[in-house]
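As structure tokens, the structure follows; a few thoughts come after it.
All values reported here derive from a predicted model rather than from experimental measurement. Just so it is clear, the values below take in all heavy atoms, side chains as well, and ignore hydrogens, waters and symmetry mates. Chain naming here is simple, since letters A, B, ... match the order of the sequence lines and numbering starts at 1 in each.
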Protein chains: 2
Amino acid sequence: MTTINDIAKLANVSRTTVSRVLNNNGYVSDEVRKRIMKIVEETGYIPSLSAKSLRTKKSGVIGVILPKISTETASRVVSGINEVVAGENFQILLTDTELNKEKEIEYIRLLQSRHVDGIILLATNINDRLISTIEGAALPFISLGQDLPGVTSIVYDDYHASVDMTNMLISQGHEKIAFIGVGEEDPSVGIERKKGYFDSLEKHQLPTNDSWIQLGDFSIESGYESMKKIVKRNEGNLPTAVFVVTDRMAIGAMEYLREQGIRIPQDMAVAGIGASTLSQYVTPALTTIDYFNKEAGKKAAELLLQQLKQKKEKEKFIQTYRLIKRDSV
Amino acid sequence: MTTINDIAKLANVSRTTVSRVLNNNGYVSDEVRKRIMKIVEETGYIPSLSAKSLRTKKSGVIGVILPKISTETASRVVSGINEVVAGENFQILLTDTELNKEKEIEYIRLLQSRHVDGIILLATNINDRLISTIEGAALPFISLGQDLPGVTSIVYDDYHASVDMTNMLISQGHEKIAFIGVGEEDPSVGIERKKGYFDSLEKHQLPTNDSWIQLGDFSIESGYESMKKIVKRNEGNLPTAVFVVTDRMAIGAMEYLREQGIRIPQDMAVAGIGASTLSQYVTPALTTIDYFNKEAGKKAAELLLQQLKQKKEKEKFIQTYRLIKRDSV
DNA sequence: CAACTGTGTGTAATCGATTACATATCATTT
DNA sequence: AAATGATATGTAATCGATTACACACAGTTG
């Protein structure tokens, strides 16, 4: 590896001058500048960013912590983040918690030790150790998807999205609306969306029923199984609609209904959340809610870059959403 | 930030001893070890990996260069890579070329300057500057998806996959088989898959026809448009099957056929490649080929880790595939 | 008992950059 | 002519770790 010292020697100058040329600051004569640049080109010299980062305390890297890499949501968000930060010559250091809370904390520390300039966390839960680890890290930090106390957060408007969707089903004349949700460890998806559903029903004085409610685990299969349970438990008196809190589980539910010859939407309307590509191309096309994940990723990146420039108070941003009505209702 | 020196001072030892404790090498008495560990815990000291990396020339980071982050293929591959490298405590530094050849080269240099321990490139093209940049980088390097000269490569068996799929269509009685491909800049997809199609037809002495051939750009829309052109140009005498080189374009093609009331598969069979989630849940379910992208990612990561341990000659691995026959044929 | 081996710890160089400070020249201003 | 300011370059400390080498002491061996 050639270093800045090698370049300096070859050009008969001090490494200070080389550094000045490379970073374009301070005074350097044109003649010397050209001489140095020529040697840099010839040798194919590439500065060590580890050394630079050690000295400057800046790495040009931002850490992203994902719950799971291979989901459409995650990849959209990362794509949005990348679009923004790449423009400012930052790279992304990716970590995947595999939905493990311990790893969330572990990775925050790891990213810190790697001197990332900031962290974007797609949080799936909230707990005290997490919060205090974030505080301890003392790094620009953005939470996406959960509102973390003390941390600038971008959240999806899960509650109102859910209310809107339920209202819409009701306005279509449905009175027996089933629900497939997830556990409460994930407050945004597990609590907010469920609350929206119940509140809407209550407001319209419609009945709820335990046998209409099931919880899945985000997978397509769990949607299938949940739907199965709902159908089995209500044979002869099926609900006429089902609101599923994620598209993937909704797709699973649809699959089961199709197998059973239960027609969508005539016998049972189905609605999801997420606006996955899948939702658009299944038959019938799935009614869903677009959360604009990529935009959220961009927003997160922009906020982070702002924070890099100047420290800010915690802020909370609510991402807009859009209900997409398709053939499944 | 507390540093190793702070710890050393607090523990009344030299930083050498602290380093020994932290890295678990050399002799340290139990008493001192405990004393140091206690202080490390209390202070929440986190070692600087920049400094470590500067000194040891190892970063614990591997660079991944993707053509596009938000595709299912990419996210599966990355997920596979991560699964393997995370187990060995490596992280992934992600870069996205947005299909720009210049950026491929730029990012190799960038990753090099960041002292990544190795690079995995999801290549979409082959050119001399790319090859020579890789050589110049003198880093453990894996190419995934294209066979790069001098670089250990994992390739999908595009040619035989394509032959198999075409053979299968022929065995179903199809004699007029249309084709939607992509440009030749991407040799694997653009050339190999096309060759397989033509060779299979030739072998079975079946006709080809320019009006049956269209090229898209990987997008769903381009599949739609290509299908449209094929249908328009062959009105009254449509081909009975269409082989599309990617699932997404195939989905687009199916959409157009559906709009036109051309029944799948009765009027026109459709086949894709990629085994996207989409392919499984569209109606009718799409016949496709599974390339086991996640496995390929894992394999790439394993090869890279091997190369980290000892330099190896170029090798070439051919990834297996599996034809998944579904309702669209 | 001299020589050796195994333990435990410290000194100081080193990795490759940045940057505060010093110095030197030259043109311009007063 | 002295003072000032702009330009150009160099010296050396510094960032936070690792590690070769040296040294001291203990126990073991022949």
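For the pair A:T152 (side chain) and A:I142 (backbone), a donor-acceptor distance under 3.5 Å is absent. In this structure, the side chain of A:S70 does not engage the main chain of B:S75 through any donor-acceptor pair within 3.5 Å.
Taking the side chain as every heavy atom from C-beta outward, B:V77 and B:V64 never approach each other to under 4.5 Å.
In terms of position along DNA chain C, the nucleotide closest to B:E31 lies nearer the 5' end than the nucleotide closest to the other residue of the pair A:I4 and B:E31. Where A:N23 and B:V32 meet DNA chain C, the nucleotide closest to each residue was compared, and B:V32 sits on the side nearer the 5' end.
The distance between atom CG of B:N25 and atom C1' of D:dT18, rounded to the nearest whole Å, is 9 Å. Nucleotide C:dA17 holds its P atom 7 Å from the CG atom of A:N5, rounded to whole Å. The CG-P distance, from B:L22 to D:dT18, rounds to 7 Å in whole Å. Protein atom NZ of B:K34 is 13 Å distant from nucleotide atom P of C:dG8, rounded to whole Å. Following rounding to the nearest Å, A:I46 (CD1) and C:dA17 (P) show an atom-to-atom distance of 11 Å. Distance, A:L54 CG to D:dA13 C1': 13 Å, rounded to whole Å. Here the C1' atom of nucleotide C:dT9 and the CG atom of B:D30 are 15 Å apart, to the nearest Å. Rounding to whole angstrom units, CZ of residue A:R114 and C1' of D:dG16 are separated by 15 Å.
You'll find a donor-acceptor pair under 3.5 Å spanning the side chain of B:R20 and the base of C:dG10, going by distance alone.
Side-chain polar atoms of B:K312 and B:Q306 form a donor-acceptor pair below 3.5 angstrom.
In plain terms, the two heavy atoms of B:S153 and B:L148 that are nearest each other are OG-N, 3.1 Å.
Nucleic acid contact for B:T3: sugar-phosphate only, since backbone atoms but no base atoms lie under 4.0 Å from a heavy atom of the residue. At a threshold of 4.0 angstrom between heavy atoms, the contacts of A:S19 include nucleobase atoms, whether or not backbone atoms are also involved.
Of the listed residues (B:E184, B:E104, B:E185), just one forms a side chain to side chain donor-acceptor pair (under 3.5 Å) with B:N125, and that residue is B:E104.
Between B:K57 and the phosphate of D:dT18, there is no side-chain N or O to OP1/OP2 separation shorter than 4.0 Å. Not one side-chain nitrogen or oxygen of B:Y27 sits closer than 4.0 Å to the OP1 or OP2 atom of C:dG8.
Residues forming a side chain to side chain contact (heavy atoms under 4.5 Å, CB included) with B:T56 (at least two apart in sequence, or on another chain): B:K52, B:K58.
Of the candidates C:dT19, D:dT9, D:dA17, D:dT9 carries the atom nearest the A:S29 side chain, counting heavy atoms from C-beta on. Distance from the side chain of A:R55 is smallest for C:dA17 among the nucleotides D:dG16, C:dA17, D:dT9.
For the segment residues 10-18 of chain A, the set of residues with a heavy atom within less than 4.0 Å of an atom of DNA chain D comprises A:N12, A:V13, A:S14, A:R15, A:T16, A:T17, in numerical order.
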